[in-house]
K.L.:
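What follows is a structure written as structure tokens; I'll ask about it next.
Indexing begins at 1, ligand by ligand and atom by atom, following the structure's order. This chain uses plain numbering: 1 for the first residue, then up along the sequence.
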Amino acid sequence: MKEQNFKIGTVEIPNRVIVAPMAGISNLVFRVIAKEFGAGLVVMEMISDKGIYYRNQKTLNMLKIDPREHPISLQIFGNDKESLVQAATFVQEHTSTDIIDINMGCPVNKVIKAEAGARLLLDPKKVYEMVHAVVNAVSIPVTVKMRTGWDDHLFAVENALAAESAGAKALAMHGRTRMQMYQGKADWKVLQEVAAKLTIPFIGNGDVKTPKDAKKMLEEVGADAVMIGRAALGNPWMLLRTEFFLRTGELLSEPSVDEKVKMAKLHLEKLVQFKGEKQGIYQFRQLASYYLKGIPRAVKIKVAINQAESEKDVICLLDKLSY
Ligand SMILES: Cc1cc2nc3c(=O)[nH]c(=O)nc-3n(C[C@H](O)[C@H](O)[C@H](O)COP(=O)(O)O)c2cc1C
């Protein structure tokens, strides 16, 4: 059995449960909650190198880190070496991030058109050059997150080894190609091949839905850590239960309806504090449906939350679900 903690470069990670970066979701509030529920490492939502270059205010606001978040990884994406390097040096100087992660997996058109994200996966040489340039420019550990490939022409092992030889200190791989987007099942066989080849820590990602899946990712795929995304949406208990299961072999029970409602209210309150009432409520709407998933009578409440305009109204609606 693996020890609980491990290292990414010089950074000590207390356990093997990592929270995936999720644009529009992994803001400071979400990440602090994830930490409080036992995540060993949180990765910030992707931040554009161009946004940093032009000092776009929205982008700069995304760089804020709370002291409770450490160790934390800040993810950047970009299409050319120069601006990626500039972004990396900027975040090293102006934020307290422990790790810089390069996004090479983003499948959305806006990012692909800029020849960034998963587009880089068509050329292991380009992967090497990008990672090498960033590694040379900063002193904190650099990691890479990628998909298994662009389409059927997988260069999963080649790309992973290119990142490693360029100096990446860990590599996370989502077991889907760009063309798959989020469809089909994550291919853990490919992840296993990559895990067997790398010497740096390998972080397995894709379809880890239960604590038992996490154990499989570590023991059968051979990953050093597991990255959890969608399963933690509205369900920070997934992180707590996974960490506990990996440590003790015991499965904690699922949260009660009351616990879910209480947590949803807390998440809303923190979002409103952080983003203001309008933006906070707007962001919470998406999360509400995750928090309330599977709760009897929640459908009508979710619809009403989508129309509510004050924090007080949303809280009143949520309270209707408590017993
Ligand atoms: C809403 C959403 C936003 C995402 N944003 C990012 C992102 O900013 N950077 C990134 O590398 N991956 C992003 N991803 C991909 C996830 O990090 C992860 O690789 C993927 O969801 C598969 O893991 P899962 O099956 O545990 O969800 C995003 C996924 C979702 C669902």
Side-chain angles (χ1 to χ4, degrees), residues 16-28 30-31 34 39 41-49 51-52 58-59 62-63 72-78 84 87 99-112 114 116-121 127 130-131 142-149 156 159 163 168 170-178 180-188 190-191 194 202-214 216-218 221 223 225-236 238-239 241-242 283-287 289-290 293:
R16 292 167 189 266
V17 180
I18 299 180
V19 184
M22 287 182 281
I25 294 181
S26 308
N27 53 36
L28 185 148
F30 176 86
R31 299 189 311 257
L41 177 70
V42 286
V43 185
M44 295 163 73
E45 58 190 317
M46 60 178 179
I47 297 179
S48 144
D49 61 353
I52 291 174
K58 226 171 127 190
T59 306
M62 289 163 81
L63 297 176
I72 183 162
S73 171
L74 186 155
Q75 187 185 66
I76 51 175
F77 74 95
L84 206 62
I99 296 169
I100 294 175
D101 185 58
I102 306 175
N103 177 326
M104 291 192 178
C106 185
V108 304
N109 281 333
K110 192 172 83 177
V111 176
I112 295 299
R119 189 84 195 167
L120 296 167
L121 302 180
V127 169
M130 286 279 206
V131 178
V142 173
T143 61
V144 177
K145 178 165 179 283
M146 54 174 62
R147 286 184 172 238
T148 50
N159 285 329
L171 183 121
M173 189 174 279
H174 174 193
R176 287 187 176 81
T177 63
R178 188 282 172 176
Q180 273 182 287
M181 300 294 278
Y182 288 92
Q183 270 150 24
K185 265 182 79 175
D187 188 344
W188 287 19
V190 176
L191 299 186
V194 176
F202 175 69
I203 301 159
N205 171 238
D207 297 346
V208 174
K209 295 177 185 158
T210 64
K212 285 185 180 166
D213 291 341
K216 263 194 216 154
M217 184 65 94
L218 298 185
V221 173
V226 59
M227 180 178 268
I228 300 173
R230 290 165 295 175
L233 289 175
N235 187 9
M238 170 64 186
L239 306 170
R241 294 173 72 240
T242 300
Q283 282 223 339
F284 180 74
R285 284 183 187 151
Q286 190 187 358
L287 287 171
S289 55
Y290 291 108
K293 208 162 117 191

K.L.:
Nearest non-hydrogen atom to atom 11 (O) of ligand 1 belongs to which of Gln75, Met46, Lys209, Arg147?
P.N.:
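Looking at heavy atoms only, Gln75 sits closest to atom 11 (O) of ligand 1.
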
K.L.:
Give yes or no for whether the N/O distance cutoff of 3.5 Å, strictly under, is met between Ile228 and ligand 1.
P.N.:
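N/O-N/O distance below 3.5 Å does not exist for this pair.
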
K.L.:
Check for a donor-acceptor pair, side chain of Ser73 on one end and backbone N or O of Ile100 on the other, with a separation under 3.5 Å.
P.N.:
no

K.L.:
Contact between Met104 and Asn159 at the side-chain level, heavy atoms closer than 4.5 Å - yes or no?
P.N.:
no

K.L.:
Does ligand 1 have any atom sitting under 4.0 Å from a heavy atom of Gly24?
P.N.:
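No.
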
K.L.:
For ligand 1, which is the ligand I care about here, please tell me if Val208 has any N or O atom under 3.5 Å from one of the ligand's N or O atoms.
P.N.:
no

K.L.:
With nothing but distance in play, are any N or O atoms of Ala231 less than 3.5 Å from an N or O of ligand 1?
P.N.:
no

K.L.:
Got an N/O contact under 3.5 Å between Arg176 and ligand 1?
P.N.:
no

K.L.:
So Met173 and Thr148, do their side chains get closer than 4.5 Å, heavy atoms only?
P.N.:
yes

K.L.:
Counting both backbone and side chain atoms, is some N or O of Asp207 under 3.5 Å from an N or O of ligand 1?
P.N.:
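Yes, at least one N or O pair falls under 3.5 Å.
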
K.L.:
Using every non-hydrogen atom in the two residues, find where Ala186 and Asp207 come nearest and quote the distance to one decimal.
P.N.:
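Result for this residue pair: N-OD2, 2.8 Å.
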
K.L.:
Only heavy atoms of Asn103, strictly under 4.0 Å: list the atoms of ligand 1 that pass.
P.N.:
9 (N), 10 (C), 11 (O)

K.L.:
Could you tell me whether some N/O pair between Pro21 and ligand 1 is separated by less than 3.5 angstrom?
P.N.:
yes

K.L.:
Go through ligand 1 atom by atom and flag the ones less than 4.0 Å from a non-hydrogen atom of Ala20.
P.N.:
17 (O)

K.L.:
With a 4.0 Å cut-off on heavy atoms, does Tyr182 reach ligand 1?
P.N.:
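The answer is yes: ligand 1 sits under 4.0 Å from a heavy atom of Tyr182.
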
K.L.:
Out of His174, Lys145, Met238, indicate the one that has the non-hydrogen atom closest to atom 12 (N) of ligand 1.
P.N.:
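The nearest heavy atom belongs to Lys145.
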
K.L.:
State whether a side-chain donor-acceptor pair under 3.5 Å links Asp187 with Gln180.
P.N.:
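Not at all, the side chains of Asp187 and Gln180 share no donor-acceptor pair under 3.5 Å.
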
K.L.:
Could you tell me which atoms of ligand 1, counted from 1 in the order shown, lie closer than 4.0 angstrom to a heavy atom of Arg230?
P.N.:
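So the answer, numbered in order with elements, is 21 (O), 24 (P), 25 (O), 26 (O), 27 (O), 31 (C).
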
K.L.:
With Ile99, which of Ile72, Leu41, Val43, Leu74 fulfils side chain to side chain contact (heavy atoms under 4.5 Å, CB included)?
P.N.:
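The passing option is Leu41.
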
K.L.:
Can you find a pair of side-chain heavy atoms, one from Arg31 and one from Met44, that are under 4.5 Å apart?
P.N.:
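A side-chain contact exists here, since the closest heavy-atom pair is under 4.5 Å.
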
K.L.:
What are the two closest heavy atoms between Ile18 and Ala225, and how far apart are they?
P.N.:
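Nearest heavy atoms, Ile18 then Ala225: CD1-CB, 3.8 Å.
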
K.L.:
Are any of the side-chain heavy atoms of Val208 and Met238 separated by less than 4.5 Å?
P.N.:
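Heavy-atom side-chain distance check passes, below 4.5 Å.
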
